[in-house]
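Remarks on the structure that follows.
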Amino acid sequence: MTGGASKEAEFQQLLPALAEPTSLKDVAQIVRSNLSNHPTALLGEVGLDRSFRIAYQPLPAPPPRKLSPFSTPIDHQVAILEAQLDIAVELKRNVSLHSVGSQQVTMDLLKRMHERHGEEWRTISVDLHSCGLSLEGWKTIEKNYPNIFLSLSDVINSRSENHVHLIKGCAEDRLLAESDYDNIQHSVSQTWKMVERIADLRGWEVEASWEEEAPPLEKWGVVRRLERNWLQFQAGNHPEIVHKSRRLRKQHQYYPSDESEEE
C-alpha cells in the first residue's frame with residue numbers, strides 16, 4: 001500500500017470517531033457559561049500542542065487510546081485559544097496554559113493578548129504549566145508580562161535538564177510547583193518532589209515547622225516563598241512593568257538636559 005493510500009485508509013478509520021463540527025461561537029458560549037456557573041474556577045488547562053495526535057477512539061474513551069497520524073493545525077489551535085483567553089479576561093479568570101513545541105507561537109500570542117487587552121490583561125494571571133520553554137524564551141516573557149508565572153512538575157519536567165535552568169533562572173516570585181498527575185492520590189507526593197527540587201536548586205530551606213506569622217523575608221523557606229507566589233497568582237491585578245529605558249525617557253521629560261533647551 002502506497003503512502004497516500006495508507007493515509008487515506010487511516011483517515012477513513014478515523015472519520016467515524018470525529019464529532020460533528022461545532023462553531024467557535026458555540027464553543028465560546030459553552031466556556032463562558034461553564035465559568036459563569038463556577039465563580040471560582042480557572043480557565044484550563046487550555047493551550048497549544050504541536051505533538052498532539054487525534055485518537056481513533058473519541059473521548060471519553062478510557063486510555064490507552066490508539067493515536068492516528070493526524071494532528072490539529074496550529075493556526076486552528078491558536079484561534080480557539082485566543083477566544084478562550086478573551087473570555088478569561090472578560091470574566092477575570094486566571095488561566096492554566098499548556099504549551100508544547102510552540103514556544104514562538106505562545107510568545108506571539110501573549111504579545112497579542114497584551115496589545116489587545118492593555119491593562120485588563122494584567123488583571124488575570126497565566127500559569128505556563130509544566131513549562132517546557134527555554135530559559136531564554138521564559139526570560140523574555142518574564143521581562144515583559146508581570147502576570148505570567150511558570151510551574152514545574154516532576155513527572156513531566158524532570159525528563160529534561162531544561163527544568164534545572166528554569167528553576168535557577170526564573171525570578172523568585174514567578175515560580176510555582178505542581179504535580180501534573182492524573183491520579184489525585186499521588187498529587188501531593190508528586191508536587192512535593194518538585195518543591196524539594198526547587199529548594200535544592202535555589203538553596204532554600206525546607207521548613208520543618210510552620211508559624212502563621214511570617215518571619216523576615218531573608219529567613220523564608222521554599223514553602224513560604226511558593227505560598228506567596230501562589231497567592232499573587234490567585235489575586236491577579238499585577239502592576240505594570242516599567243523598563244529602565246522608559247523611566248529614563250520619563251525623567252528626561254521632566255528634567256531636560258541643558259543641551260535640549262532652545263538657545
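Here the side chain of Asp127 pairs no donor or acceptor atom with the backbone of Leu97 at under 3.5 angstrom. Remark: side-chain polar atoms of Arg225 are paired, donor with acceptor, to backbone N or O of Trp220 under 3.5 angstrom. Between the side chain of Ser160 and the backbone N or O of Asn157, no donor-acceptor pair lies under 3.5 Å. No side-chain donor-acceptor contact under 3.5 Å links Glu120 to the backbone of Val89.
There is no side-chain donor-acceptor pair under 3.5 Å between Asn144 and His114. In this structure, a donor-acceptor pair under 3.5 Å is absent between the side chains of Asp154 and His163. Side chains of Ser179 and Ser153: a donor-acceptor N/O pair is absent below 3.5 angstrom, by distance only.
In this structure, CG in Leu43 is found 6.5 Å from CG in Leu85, a value given to the nearest 0.5 Å. With rounding to the nearest 0.5 Å, the separation of CG in Leu176 from OG1 in Thr191 is 11.0 Å. Put simply, CG on Leu217 and NZ on Lys219 are 12.0 Å apart, with the number rounded to the nearest 0.5 Å. Going from atom CG of Leu15 over to atom OG of Ser68 covers 11.5 Å, rounded to the nearest 0.5 Å. Here the straight-line distance linking atom CG of Leu175 with atom CD1 of Ile198 works out to 4.0 Å at 0.5 Å rounding. To the nearest 0.5 Å, atoms OH (Tyr56) and CZ (Arg65) are separated by 14.5 Å.
Remark: His186 NE2 is packed, more than 12 non-hydrogen atoms of other residues, nucleotides or ligands lying under 6.0 Å away. Within 6.0 Å of the CD atom in Gln185, the count of heavy atoms belonging to other residues, nucleotides or ligands does not exceed 12.
Ring geometry for Phe233 versus Phe149: interplanar angle over 60°, hence perpendicular rather than tilted (30 to 60°).
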How far apart are the C-alpha atoms of Asp173 and Arg228, what are their side-chain angles, what is the distance that settles it, and do they pass the salt bridge (Lys or Arg N to Asp or Glu O under 4.0 Å) test? CA-CA 8 Å; Asp173 60 354; Arg228 171 202 55 194; over 6 Å; no

Would Ile54 and Leu67 satisfy side chain to side chain contact (heavy atoms under 4.5 Å, CB included), going step by step from the backbone distance to the final call? CA-CA 6 Å; Ile54 301 171; Leu67 302 181; over 6 Å; no

Could you walk me through whether Arg32 and Glu90 satisfy the salt bridge (Lys or Arg N to Asp or Glu O under 4.0 Å) test, starting with their C-alpha distance in whole Å, then the side-chain angles of each, then the deciding distance to 0.1 Å, before giving a yes or no? CA-CA 9 Å; Arg32 183 179 286 104; Glu90 173 193 337; 3.0 Å; yes

Hey, mind stepping through Ser96 and Glu45 against side chain to side chain donor-acceptor pair (under 3.5 Å) and telling me if it holds? CA-CA 5 Å; Ser96 174; Glu45 78 188 70; 5.2 Å; no

Candidate pair His238 and Ser125, rule side chain to side chain donor-acceptor pair (under 3.5 Å), full reasoning: CA-CA 8 Å; His238 302 278; Ser125 302; 2.6 Å; yes

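Looking at Thr123, Asn147, Ile124 one by one, the single match for side chain to side chain contact (heavy atoms under 4.5 Å, CB included) with Asn237 turns out to be Thr123. Partner of Val31 under the side chain to side chain contact (heavy atoms under 4.5 Å, CB included) criterion, chosen from Val46, Ile87, Leu91: Ile87.
In the hydrophobic clustering of this structure, Ile74 groups with Met107; members are Ile, Leu, Val, Met, Phe, Trp, Tyr whose side-chain heavy atoms approach within less than 4.5 Å, directly or through other members. Follow the hydrophobic side-chain contacts under 4.5 Å out from Leu150 and you never reach Tyr181; the two are in separate clusters. There is a path of hydrophobic side-chain contacts, each under 4.5 Å, that joins Trp192 to Leu201. By the criterion of side-chain heavy atoms lying less than 4.5 angstrom apart, applied directly or through intervening Ile, Leu, Val, Met, Phe, Trp or Tyr residues, Leu42 is not grouped with Tyr145; the two fall into different hydrophobic clusters. When the side chains of ILVMFWY residues are joined at heavy-atom separations under 4.5 Å, either directly or via intervening members, Val78 and Leu110 end up in a single hydrophobic cluster.
Minimum interatomic distance between Leu35 and Ala41 (heavy atoms only, all atoms of both residues): CD2-O, 4.1 Å. Residues Ser99 and Thr106 approach most closely at OG-OG1, 2.7 Å, considering heavy atoms.
Look at Arg224 and Glu207 and you find no salt bridge, because none of the NZ, NE, NH1 or NH2 atoms lies under 4.0 Å from a carboxylate O. A salt bridge links Lys139 with Glu142: at least one charged nitrogen is closer than 4.0 Å to a carboxylate oxygen.
A cation-pi arrangement is not found for Arg116 relative to Trp121, the charged atom failing to lie both closer than 6.0 Å to the ring centre and inside a 45° cone about the ring normal.
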